[in-house]
Amino acid sequence: MYNFDNDIRYLELLSNSFPTIAEASTEIINLQAILNLPKGTEHFLADIHGEYEAFQHVLKNASGNIKRKVNELFGNTLREAEKRELCTLIYYPEQKLELVKAEEPDINDWYHITIHHLVLVCRDVSSKYTRSKVRKNLPEDFSYIIQELLHERTDDKDKSDYVSAIIDTIISTGCADDFIIAICNVIQRLIIDQLHILGDVYDRGPGAHIVMDTLCNYHSWDIEWGNHDILWMGAAAGNDACVCNVIRIALRYSNMATLEDGYGINLIPLATFAMEAYKDDPCAEFVPKSTFENELSDKQRHLNAQMHKAISIIQFKTESQILERHPQWNMADRELLKAVDYEHGTCVVDGKTYKMRSCNFPTVDPINPIELTDDEQKVMDKLRHSFLVSEKLHRHIRAMLTHGCMYRIINNNLLFHASVPLNADGNLKEVEIFPGRKYKGRDLLHNTGMLIRTAFQTDSPKTEADYARDYFLYLWCGPDSPLFDKSKMATFERYFIDDKETHEEKKGNYFVLRDDEKVVDGIMDAFGMKGSNRHIINGHVPVRAVKGENPIKANGKLMVIDGGFSRAYHKDTGIAGYTLIYHSRGFQLVQHEPFTSAEEAIRNGTDIKGTTQIVEFNQRRLRVADTDKGDEIRKQIADLEELLYAYRHGIIAEKERKHKGKF
């Protein structure tokens, strides 16, 4: 019946965990039952860009999934205001409790009602999991009590007094606050089974480090790296151009919290240098342009502009130095300091001469414009060192590497941040990663990910590590980078040239063709995805809903969920972006309006208003058997069935049970 030639040793090992027929049989029964549980809920977010308050709120409310559960459970039995208050309590239990205790005249009565409501919600969100999984997610202090309340019902007349006594005792012993906080956190934890971040945690917003702290403490998450994440990874690896870009973007948005408060990056050497080198320069092109600029005094704004210009010039120089080391990247046209006529104040871009807004470059030698001055080199050395020794930054980058990759295929959904480079005809484009080695499609993303990891491996050969470190720049702004995929990054032109034709960054073929169902099918075929119910999900480019752009493309096979969390985008998009929920009934796309603040959400019960669009609805509820986890469980069952056969036919002897193990 079975062929054991190749796996006897594996079955021997397996028998250590399941040493008897009874235990192997019990595990098969358990696994078969799990296959018939509803599919766990997946939550997809992209392009958070440091907006930690909005991000944390969307995590807490599961993109409206908790509100949906509360509405389904309580319907018309609770007023809208009561349901809103219950949701707010679940999102922010500690803060909301303080407000309630200050305003509620009969707090014990409120405790009774609220705990009953919370138990109902917790029972509902835990119903799709095994008791074992629920138990593992319960806080130690209240694990037994919550288990009893979840599995006993007040409508059972034989148990109603028992349940009421538990709740009475929770209140009388002064544990009500702690219990409510604990069960609210359990609800938040169980409402989402897996969180997918489709790139760009960093830049623009005030708290990327807080987002990363939140992720590091989250129960189950993965990330598909974005171009801004790669920029920070490059900076942490010691790429000078990436260091400069990170600082330049922070200064452009007048937002230094992540750099200084989050990671302890010392910017004093840059400030001291900038004040001296650009003391007579108004630096008009470098005044902050973000929503944060009004928070600065005139003196701060001018210093910010000076630092902004100083790091930008160092950036243009260091970028050119890297590009000259790698002529095979074909990016010599981006060395624009070499294209400036410093006497006449003009610059040649794409073969055409343009007048510059200003041509004040006190640190640029026209004969060798990409060479750093001695003072610039000292600043660069200190900034690089600051990134290399930031313990918290490197802890977060390690989390990125541990939980992250360039792409992921999960439950027949292909996740990546930006693009898969294509030729004009829609076929996969070959891109050179290593000198002389070209890849496309899945191989391209896989080998790019491996190269990224090389930069952080201490045992990598120096030449490979050096190349990997340089390659972060290409991933950030290279025309065939799957994280960028545009003709150029027009940073220099936007600062120094008024003519907007020089600002155009032509999108790659992926962005032009991604509404074509045949092209999207071709990509999924190339990634080995089968069946009709398959999708591509990515972010990177904000969906301009205000202009009628649709995030659903290619006849529903591709979904763009740029979160639009960044306040800098809200004027262009008209919304605060999209998030996606994939539960047992199908896909729900949630369009968000801008988040105000956690304080307002707690005090007034306001939520991120969202419009939910049903992307796909399954008539048959999806079960674990329909997922990747189901495939793995079926393999485990097959192995256990082989073990049973081996026991029953004397190929392997049953053992005495010495310890309890799990398959």
Side-chain angles (χ1 to χ4, degrees), residues 30-46 55-70 72-73 90-91 121-139 143 146-147 150 183-198 214-224 399 402-405 408-415 533 535 537 559 561 563 579-590 612 615-618 620-634 636 662:
N30 174 49
L31 293 173
Q32 287 283 13
I34 290 173
L35 287 174
N36 289 283
L37 287 171
K39 172 195 174 299
T41 300
E42 297 172 75
H43 196 187
F44 301 80
L45 287 77
F55 166 71
Q56 290 175 330
H57 188 79
V58 167
L59 276 194
K60 290 174 182 295
N61 77 0
S63 284
N65 217 30
I66 287 178
K67 183 184 289 185
R68 179 176 66 85
K69 292 284 187 183
V70 168
E72 288 174 356
L73 278 171
I90 294 171
Y91 307 156
V121 177
C122 192
R123 184 180 297 151
D124 186 78
V125 301
S126 65
S127 62
K128 62 172 61 177
Y129 304 115
T130 63
R131 288 193 179 191
S132 173
K133 182 166 182 174
V134 172
R135 185 170 59 251
K136 290 173 183 176
N137 283 282
L138 298 179
S143 178
I146 293 176
Q147 287 181 72
L150 290 181
I183 199 168
C184 287
N185 288 332
V186 170
I187 292 168
Q188 286 187 36
R189 189 177 182 90
L190 294 178
I191 193 72
I192 297 299
D193 193 39
Q194 180 74 15
L195 174 66
H196 307 292
I197 305 295
L198 275 68
T214 303
L215 287 174
C216 288
N217 291 318
Y218 199 76
H219 58 277
S220 184
W221 64 284
D222 56 71
I223 183 168
E224 291 66 55
T402 301
H403 292 264
C405 55
R408 191 179 308 272
I409 299 173
I410 183 167
N411 295 331
N412 225 19
N413 297 310
L414 172 58
L415 317 181
N533 188 32
H535 309 86
I537 306 171
M559 290 172 267
I561 61 158
T579 56
L580 186 69
I581 292 288
Y582 183 28
H583 49 60
S584 59
R585 291 295 187 188
F587 283 99
Q588 288 185 309
L589 187 72
V590 183
T612 302
V615 181
E616 287 182 7
F617 183 79
N618 302 311
R620 179 184 68 82
R621 198 173 187 190
L622 293 175
R623 302 197 176 275
V624 171
D626 302 308
T627 68
D628 293 346
K629 183 178 179 182
D631 292 338
E632 181 58 34
I633 288 175
R634 280 188 286 271
Q636 294 174 4
K662 269 292 180 185

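Values below: all heavy atoms of this structure, side chains included; hydrogens, waters and symmetry mates excluded. Sequence positions, counted from 1, serve as the residue numbers for this chain.
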From [atom1] ([X]) to [atom2] ([Y]), nearest 0.5 Å:
X    : Y    : atom1 : atom2 : value
M559 : L580 : CE    : CG    : 5.5 Å
Q147 : R135 : CD    : CZ    : 6.0 Å
I410 : N413 : CD1   : CG    : 8.5 Å
L37  : R621 : CG    : CZ    : 10.0 Å
I633 : L35  : CD1   : CG    : 5.0 Å
L622 : H583 : CG    : NE2   : 10.0 Å

Heavy-atom pair of closest approach, residues [X] and [Y]:
X    : Y    : result
T579 : S63  : OG1-OG, 2.5 Å
L150 : S126 : CD1-OG, 4.1 Å
V121 : V70  : CG2-CG2, 4.3 Å
R623 : T627 : O-CG2, 3.7 Å
N533 : N412 : O-ND2, 3.2 Å
H57  : Y91  : CE1-CD1, 3.8 Å

Indicate the ring-plane relationship of F44 and F587, choosing parallel, tilted or perpendicular according to the 30° and 60° boundaries. tilted
Using a strict cut-off of less than 4.0 Å between a Lys/Arg side-chain nitrogen and an Asp/Glu carboxylate oxygen, indicate whether D193 and K128 qualify as a salt bridge. no
I'd like to know if R634 and D631 make a salt bridge, using a cut-off of under 4.0 Å between side-chain N and carboxylate O.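 Between D631 and R634 there is a salt bridge, with a charged N closer than 4.0 Å to a carboxylate O.
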Heavy-atom check, side chain of D626 versus side chain of S584, under 4.5 Å: no
Please examine the side chains of K69 and I187, heavy atoms only from C-beta on, and report whether any two atoms are closer than 4.5 Å.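 Not touching, per the 4.5 Å side-chain cut-off.
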side-chain contact (heavy atoms from CB on, under 4.5 Å) with [X]: which residues, sequence neighbours excluded?
X    : value
L195 : H43, L45, L59, I197, L215, Y218, W221
D222 : Q194, H196, E224, R408
R189 : N137, H219

Heavy atoms from other residues, nucleotides or ligands near NZ of K629 exceed 12 (cutoff 6.0 Å):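 Atom NZ in K629 is not crowded, with 12 or fewer foreign heavy atoms closer than 6.0 Å.
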I581/T41 under side chain to side chain contact (heavy atoms under 4.5 Å, CB included): CA gap, chis, key distance, verdict: CA-CA 7 Å; I581 292 288; T41 300; 3.8 Å; yes
Does Y582 have K39 sitting over its ring (NZ/CZ under 6.0 Å from centre, angle to axis within 45°)?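 Flagged: K39 positioned over aromatic ring of Y582.
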Full working for side chain to side chain contact (heavy atoms under 4.5 Å, CB included) between Q188 and N185: CA-CA 5 Å; Q188 286 187 36; N185 288 332; 4.2 Å; yes
